[in-house]
Each structure stands twice: as C-alpha cells, then as structure tokens.
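Residue numbers begin at 1 in each chain, while the letters A, B, ... track the order of the sequences. All heavy atoms count here, side chains included; hydrogens, waters and symmetry mates do not.
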2 protein chains.
Amino acid sequence: MEGLELRRLERGDFDKGFLQLMQQLTVVGDVSRGMFDAKMQQLEKLGDYHRIVVIEDVKSGRVVATGSIFIEHKFARSCGKVGHLEDVVVDERMRGCHLGQRVIEALTSFAEDAGCYKVILDCKPENAAFYEKCGYSKKEIQMAKYF
Amino acid sequence: MEGLELRRLERGDFDKGFLQLMQQLTVVGDVSRGMFDAKMQQLEKLGDYHRIVVIEDVKSGRVVATGSIFIEHKFARSCGKVGHLEDVVVDERMRGCHLGQRVIEALTSFAEDAGCYKVILDCKPENAAFYEKCGYSKKEIQMAKYF
C-alpha cells in the first residue's frame with residue numbers, strides 16, 4: 001500500500017476522479033458538483049450507517065478504488081444489524097494489486113466492529129471466486145425490479 | 001383484504017405477534033419490550049429511509065404478514081436511489097391468500113414513489129417464481145460472510 005491511502009470519501013474526491021472510477025462499474029450519468037455535494041450531505045446525515053471508502057494514489061492525486069457499506073437495523077438475531085456491501089470497483093489500470101481485497105477487508109471489519117452479525121453483497125457469478133478469497137460464501141439469489 | 005389492514009409497523013405490534021411472525025422466517029432470539037422499543041426509536045430516526053409494513057388481522061388483533069424496505073443513496077444513475085427489500089414473511093396459517101404479494105406491491109410502490117430506479121432483494125431459489133409473479137427478475141448471486 002506504499003503511496004496509497006485508504007480513507008473515507010471526501011467532497012474533494014469530486015476532483016480526484018471518483019465519479020470516473022464509478023463509471024468503470026456502472027452508469028453514473030451527469031453528476032454536477034452541486035449534486036455531488038448534496039449527496040455527500042445526505043450521506044453525512046446517515047453518519048456511520050453508510051460508509052464509503054476510497055483508496056487514493058497520493059502521487060497522482062487520483063482515487064483508484066472504492067467500495068461502500070450501509071448498515072441495516074433488524075429485529076432478527078436479537079435486534080441485530082447487517083452490513084450491505086455495494087459498489088466495489090478498482091481502476092482498471094490498478095487491477096491485480098489486491099486493492100479490491102483491501103477495500104472489502106476494511107468495509108467488512110467496519111461492519112463487524114459496528115456489531116453486524118453478517119455482511120452480504122450481490123455480484124456477477126464470475127466475481128464469486130474473488131469474494132470467496134475475501135471470506136464470503138455463496139448464499140441466495142438476487143432478484144431485481146427496474147422502474 | 002376484508003378484515004385486514006396494511007399499515008406501518010407500530011410499537012403496539014410487540015403485543016400483536018410481530019416477533020412470533022418473524023420467527024417463522026429467521027432466528028429472532030430474545031427480544032424484550034425495551035429492546036423492541038429501542039429498535040423502533042432507531043428506525044424512526046431513519047424516517048422514510050427504512051419502512052416496515054405489516055398486515056393486521058383486525059378481528060384477531062394479530063400481525064399476519066410483514067416486509068421491510070430501506071433506501072440506499074448512490075452516486076450511480078445520476079445520484080440515484082435503490083430500494084432493498086428484506087424480511088418478507090406471511091403467517092403459515094394465512095399462506096395462499098396473496099398477502100405476501102400485497103406486502104411486496106406496497107413496498108415496491110413506496111420505493112418507486114421515493115424515486116428509486118430499482119428495488120432488489122435476495123431469496124432462496126425456490127422462492128424466485130413467487131417474486132417473478134410480483135414483477136421481479138433473477139439478476140446476480142448473493143454472497144455472505146457471518147461473524
């Protein structure tokens with residue numbers, strides 16, 4: 001991790017390529033600085049219920065990996081909590097350096113420290129082996145409805 | 001739905017069999033009235049980000065179906081939102097009456113009205129056909145890590 005810093009997402013990451021990195025994962029669309037700041041404000045209100053981390057390449061000042069987790073309150077498991085891992089992506093120029101694993105380990109530890117009894121995520125079948133290396137196991141199937 | 005009322009979970013549902021219903025889905029463990037009230041208070045703070053609905057059989061005063069949804073803030077899809085559907089269960093004595101479908105329709109509509117671009121859920125493969133009837137399609141696979 002020399003020259004790389006893992007930390008929470010900050011407002012300044014708008015200028016450090018955070019959205020361009022997200023575009024490698026999914027459709028981001030037009031997000032202005034105002035929209036980015038408004039979303040950050042919403043997320044800040046949720047405090048530790050929603051955490052987005054990034055890895056910054058300090059030399060280039062670019063965000064090269066990210067992932068997020070949010071914590072769901074349940075009545076199950078003696079009023080337990082579950083971490084939901086989302087939006088993990090590593091810059092295509094930095095793949096093979098275990099940055100994805102670092103992001104997942106950080107977010108998984110965060111959920112464990114927050115008292116979650118499990119963390120879950122959804123992924124494409126071809127990425128299952130990667131998550132298995134990070135200690136995850138196949139469980140159920142995901143269903144979706146788009147509007 | 002004669003004699004049945006679909007509404008948000010209330011504190012009084014502690015005495016109407018809400019936790020006993022949840023036990024038909026998963027491990028609930030010991031949840032005292034104090035723990036239930038404290039969890040309700042946490043959920044109330046989240047406002048419309050987390051909604052639990054129940055169907056009450058008005059005559060018997062028992063909760064016979066429930067489901068929950070929480071809304072995730074994303075940067076993807078022009079700072080979009082995603083609904084996560086969880087903990088859907090119908091009392092075994094009331095199955096076959098389409099109560100599960102009513103719960104899912106209510107929560108899915110809530111997410112759509114809240115501006116979500118999709119709703120996702122995880123289920124056992126044998127329940128996929130049921131969710132397909134509710135307009136959902138198979139998508140990815142779920143992975144989990146238990147602590």
Practice task
Please look at B:S32 and chain A and tell me whether the side chain, the backbone, both or neither of the residue comes under 4.5 angstrom of a heavy atom of that chain.
Solution key: neither

Handout entry: Other cluster members, A:Y117 - Ile/Leu/Val/Met/Phe/Trp/Tyr, side-chain contacts below 4.5 Å
Key = A:V82, A:I120, B:Y146

Practice task
Name the region of A:T26, side chain, backbone, both or neither, that has any atom closer than 4.5 Å to a heavy atom of chain B.
Solution key: side chain

Handout entry: Residue B:L46 versus chain A: region with a heavy atom under 4.5 Å
Key = side chain

Fill in the blank from the handout: Note: vs chain A, highest number of non-hydrogen pairs under 4.5 angstrom among B:Y136, B:F18, B:F147 is B:F147

Practice task
Please step through side-chain contact (heavy atoms from CB on, under 4.5 Å) for the pair B:H84 and A:H84, ending with a clear verdict.
Solution key: CA-CA 10 Å; B:H84 293 251; A:H84 292 252; 4.2 Å; yes

Handout entry: Point-to-point distance, once rounded to the nearest 0.5 Å, from CD1 of A:I141 to CD of B:E140
Key = 12.0 Å

Completion exercise
Of A:K139, A:M143, A:E112, the largest count of non-hydrogen pairs under 4.5 angstrom with chain B goes to A:M143

Handout entry: B:R8 atom CZ: more than 12 heavy-atom contacts under 6.0 Å
Key = yes

Problem - Segment of B:S137 engaging chain A (4.5 angstrom heavy-atom cut-off) - result: both

Exercise for the section: For this output row, return yes or no: ring centroids of A:Y49 and B:Y49 closer than 6.0 angstrom. Expected result: no

Problem - Hydrophobic cluster identity match, A:F70 and B:I69, side-chain contacts under 4.5 Å - result: no

Practice task
With a 4.5 angstrom heavy-atom cut-off, could you sort out which part of B:F36 is near chain A: side chain, backbone, both or neither?
Solution key: both

Problem - Lys/Arg-Asp/Glu bridge criterion (N-O < 4.0 Å) met for A:D87, B:K74 - result: yes

Completion exercise
Most heavy-atom pairs under 4.5 Å with chain B, out of A:A144, A:G29, A:G80, belong to A:A144

Handout entry: A:D30, CG atom: more than 12 neighbouring heavy atoms under 6.0 Å
Key = no

Handout entry: Nearest-0.5 Å distance, CD of residue B:E72 to OG of residue A:S68
Key = 5.5 Å

Handout entry: Interface residues of residues 50-63 of chain A facing chain B - heavy atom cut-off under 4.5 Å
Key = A:H50, A:I52

Practice task
Just jot down the side chain to side chain contact (heavy atoms under 4.5 Å, CB included) partners of A:K39, sequence neighbours excluded, or say none.
Solution key: A:Q42, A:L43, B:H73, B:F75, B:C79, B:K81

Exercise for the section: Examine whether an atom of B:L19 lies under 4.5 Å from a heavy atom of chain A, and if so say whether it belongs to the side chain, the backbone or both; otherwise answer neither. Expected result: side chain

Fill in the blank from the handout: Max heavy-atom pairs within cutoff under 4.5 Å with chain B, candidates A:M40, A:M35, A:E86, A:E132, goes to A:E86

Problem - Side chain / backbone / both / neither for A:V119 at chain B, heavy atoms under 4.5 Å - result: both

Problem - Toward chain A, the part of B:I104 with a non-hydrogen atom under 4.5 Å - result: neither

Handout entry: chain A contact via B:V27 - side chain, backbone, both or neither, heavy atoms under 4.5 Å
Key = both

Exercise for the section: Report the distance from atom NZ of B:K145 to atom CG of A:L121, rounding to the nearest 0.5 Å. Expected result: 11.5 Å

Handout entry: Residue list, salt bridge (Lys or Arg N to Asp or Glu O under 4.0 Å) with A:R95, at least two apart or on another chain
Key = none

